[in-house]
Amino acid sequence: MVHLIWASLACIGIIYALFNGTITDVNEAIFTSGNEAVQIVIGLTSILIFWLGLMRVAEEAKVLKALNKLFRPLFTRLFPELPSEHRAIGYITSNFIANLFGLGNAATPLGIKAMKEMQRLSDGNQATRSMVTFLVINTTSLTFIPTTVIALRIQYGSAAPTEIVFPTFIASCISIISALIIDRLYYFKREKRKK
Amino acid sequence: MMAWINVVSLICIPLFVLVVLLIGTYKKLPTFDLFVEGGKEGLSMAASLLPYLLGMFVAISIFRSSGALDATISLFHPLLAFLRIPSEIIPLAFARPISGTAALAVTSDLLKTFGPDSFIGRLASTMQGSTDTTFYIITIYFGAVGIKQMGDALKVGLLADLIGIITAIIVVSFFFG
């Protein structure tokens, strides 16, 4: 799936540019966007090192376990495949909490760790049911504090920069619930096909 | 409200660092060794991430800079107009799942043009806040662990985005309409 999307994005773009006369822009984009990706990864590297370092300490200090206990009933129900004592649940919980407080930078390394733990349980290069569910939770981005948006609104002189916080939270709640339902429907569809 | 949010978002990370290090020290753990050990893992993770991200970035920016993205958007124009989705918001709806930086650029452009307190401004803010860059998340999370077959992940993720966008329109109309 990703191969097809990746190749067609590039191919359609290049063919379109040939007819549209934007080939110089495309030429430039190939090099500048590569550079952009490197910049992002460099920015991400420092955050990854710091958070994974700190999370290692947190793990040994059993801080994750305490957080885990709080949210376990919710997440064991959402991730029935994972053993409820497993570390993956701990990382999923921490990722969720980081997102909830608008700490996207902290959430990413935790999410990657959660994925790694889930993969260790499955031993393959195929996305498991838990991975898909986890991804869906992340893409709907449930948050109390949409920091970037608030910053942007302040920058453009909004009279009430935080007025969108509550609507954003409601919208996220509705979309996360419907996304989880869709996720379940697809799962049952897959199961049916297997039989 | 703003002051409260500011305090929470300011204090959250340092407080977490403090709690972790205090508990670690109290339990007599070799905190710095553990930190370095975990940090090394972060370094190799970032290195393995780069090719995935770079490949995706280049393809997306070819698509965008050629004008094909704009052409696709105008193709969907009648349908969205029929669904009463304001056309000013369409570029954001398309950019949001594909590219975080592009979406942020579009949002900031909309806020500048229409004002943050206009209907479009509020809608753009809510959409930006309540959805995420599905492609980026899939690339990073699946790339980091080397998942080749992603099953229904992309389909479900994009459907979730669609729902998020529609929900944002309904919710904003309800609150501010």
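Below, each value reflects all heavy atoms present in this structure, side chains not excepted, and no hydrogens, waters or symmetry copies. Order of the sequence lines fixes the chain letters, A, B, ..., with proteins taken first and strands second; residue numbering starts at 1 for each chain.
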> Are B/Ile163 and B/Ile89 joined in one hydrophobic group, where the rule is that I, L, V, M, F, W and Y side chains link up if heavy atoms are under 4.5 Å apart?
Replying inline: no
> Do B/Val17 and A/Leu54 have side chains that get closer than 4.5 Å, going by heavy atoms?
Replying inline: yes
>> How close do B/Ser108 and A/Leu152 get, counting heavy atoms only, and between which atoms?
In response: CB-CD2, 3.6 Å
> Between A/Ser172, A/Gly157, A/Ser175, A/Ala171, which has the largest tally of heavy atom pairs under 4.5 Å with chain B?
Replying inline: A/Ala171
>> Report which part of A/Arg120 has an atom under 4.5 Å of a heavy atom belonging to chain B: side chain, backbone, both, or neither.
In response: neither
>> When you group the ILVMFWY residues by side-chain heavy-atom contacts below 4.5 Å and let the links chain together, are B/Leu110 and B/Ile169 in the same group?
In response: yes
> Are B/Phe175 and B/Phe119 connected in a single hydrophobic cluster, I mean Ile/Leu/Val/Met/Phe/Trp/Tyr linked by side-chain heavy atoms less than 4.5 Å apart?
Replying inline: yes
> Checking heavy atoms, do the side chain of A/Phe166, its backbone, both or neither come under 4.5 Å from chain B?
Replying inline: side chain
> Do you know which of B/Ala124, B/Gly115, B/Ala160, B/Gly129 has the most heavy-atom pairs with chain A at a distance under 4.5 angstrom?
Replying inline: B/Gly129
> Given the options A/Ile182, A/Val149, A/Ile170, which has more heavy-atom pairs under 4.5 Å with chain B than any of the others?
Replying inline: A/Val149
> When clusters are formed by joining ILVMFWY residues with side-chain heavy atoms under 4.5 Å apart, either directly or through shared neighbours, do A/Trp6 and B/Val58 land in the same one?
Replying inline: yes
> Under a 4.5 Å heavy-atom cut-off, does chain B meet the side chain of A/Ala160, its backbone, both or neither?
Replying inline: backbone
>> I'd like to verify something: which residue of B/Thr107, B/Ile23, B/Ile170 has the highest number of heavy-atom pairs under 4.5 Å with chain A?
In response: B/Ile23
> Are A/Leu78 and A/Ile177 connected in the hydrophobic side-chain network, where two residues link if heavy atoms are under 4.5 Å apart?
Replying inline: yes
>> With a 4.5 angstrom heavy-atom cut-off, is it the side chain or the backbone of A/Asn138 that approaches chain B, or both, or neither?
In response: both
>> Let's test your reading of the structure: which of A/Ile112, A/Asn35, A/Asp25 forms the most heavy-atom pairs below 4.5 Å with chain B?
In response: A/Ile112
>> Tell me whether B/Glu41 is salt-bridged to A/Lys113, with the criterion being a basic N under 4.0 Å from an acidic carboxylate O.
In response: yes
> Under a 4.5 Å heavy-atom cut-off, does chain B meet the side chain of A/Glu163, its backbone, both or neither?
Replying inline: both
> Given a strict heavy-atom distance threshold of 4.5 Å, which part of A/Val136 is in contact with chain B: side chain, backbone, both, or neither?
Replying inline: side chain
>> Just so I understand: if I count every heavy-atom pair under 4.5 Å between each of B/Thr167, B/Ile165, B/Asp152, B/Val156 and chain A, which residue has the most?
In response: B/Asp152
> Relative to chain A, which of B/Ile60, B/Thr126, B/Ile140 shows the most heavy atom pairs under 4.5 Å?
Replying inline: B/Thr126
>> With rounding to the nearest 0.5 angstrom, report the OG to CD1 distance, B/Ser125 to A/Ile150.
In response: 9.5 Å
> If you look at every heavy atom in A/Ala29 and B/Ser65, which pair is closest and at what distance?
Replying inline: CB-OG, 3.4 Å
>> For B/Phe176, which atoms come within 4.5 Å of any heavy atom of chain A: side chain, backbone, both, or neither?
In response: side chain
> What orientation do B/Tyr141 and A/Phe134 show, parallel under 30°, tilted 30 to 60°, or perpendicular over 60°?
Replying inline: parallel
>> If you count every heavy atom of other residues, nucleotides or ligands that lies below 6.0 Å from B/Lys27 atom NZ, does the total exceed 12?
In response: yes
> Of the non-hydrogen atoms in A/Ala127 and B/Phe142, which two are nearest, and what is the gap between them?
Replying inline: CB-CZ, 3.8 Å
> Taking atom OG1 of A/Thr139 and atom CZ of B/Arg96, what is their separation to the nearest 0.5 Å?
Replying inline: 10.5 Å
> Do the side chains of B/Asp117 and A/Arg153 get nearer than 4.5 Å, heavy atoms only?
Replying inline: yes
> To the nearest 0.5 Å, what is the distance between OH (A/Tyr16) and CD1 (B/Ile62)?
Replying inline: 15.5 Å
>> If you compare all heavy atoms of B/Val145 against all heavy atoms of A/Gln119, which two are closest, and at what distance to 0.1 Å?
In response: O-NE2, 2.8 Å
>> At a heavy-atom distance under 4.5 Å, which candidate from A/Thr45, A/Ile23, A/Ile12, A/Leu135 has the highest pair count against chain B?
In response: A/Leu135
> For chain B, which of A/Val38, A/Ile42, A/Val57 has the most heavy-atom pairs under 4.5 Å?
Replying inline: A/Val57
> So what's closer than 4.5 Å to chain A heavy atoms on B/Tyr136: side chain, backbone, both or neither?
Replying inline: side chain
> Side chain, backbone, both or neither: which part of B/Phe32 has an atom under 4.5 Å from a heavy atom of chain A?
Replying inline: neither
>> Quick check on the interface: out of B/Gly164, B/Gly55, B/Ser66, who has the most heavy-atom pairs with chain A under 4.5 Å?
In response: B/Ser66
> Looking at B/Leu159, B/Ile147, B/Val171, which one has more heavy-atom pairs under 4.5 Å with chain A than the rest?
Replying inline: B/Ile147
> Checking heavy atoms, do the side chain of B/Val36, its backbone, both or neither come under 4.5 Å from chain A?
Replying inline: neither
> Looking at A/Ile174, A/Ile49, A/Leu185, which one has more heavy-atom pairs under 4.5 Å with chain B than the rest?
Replying inline: A/Ile49
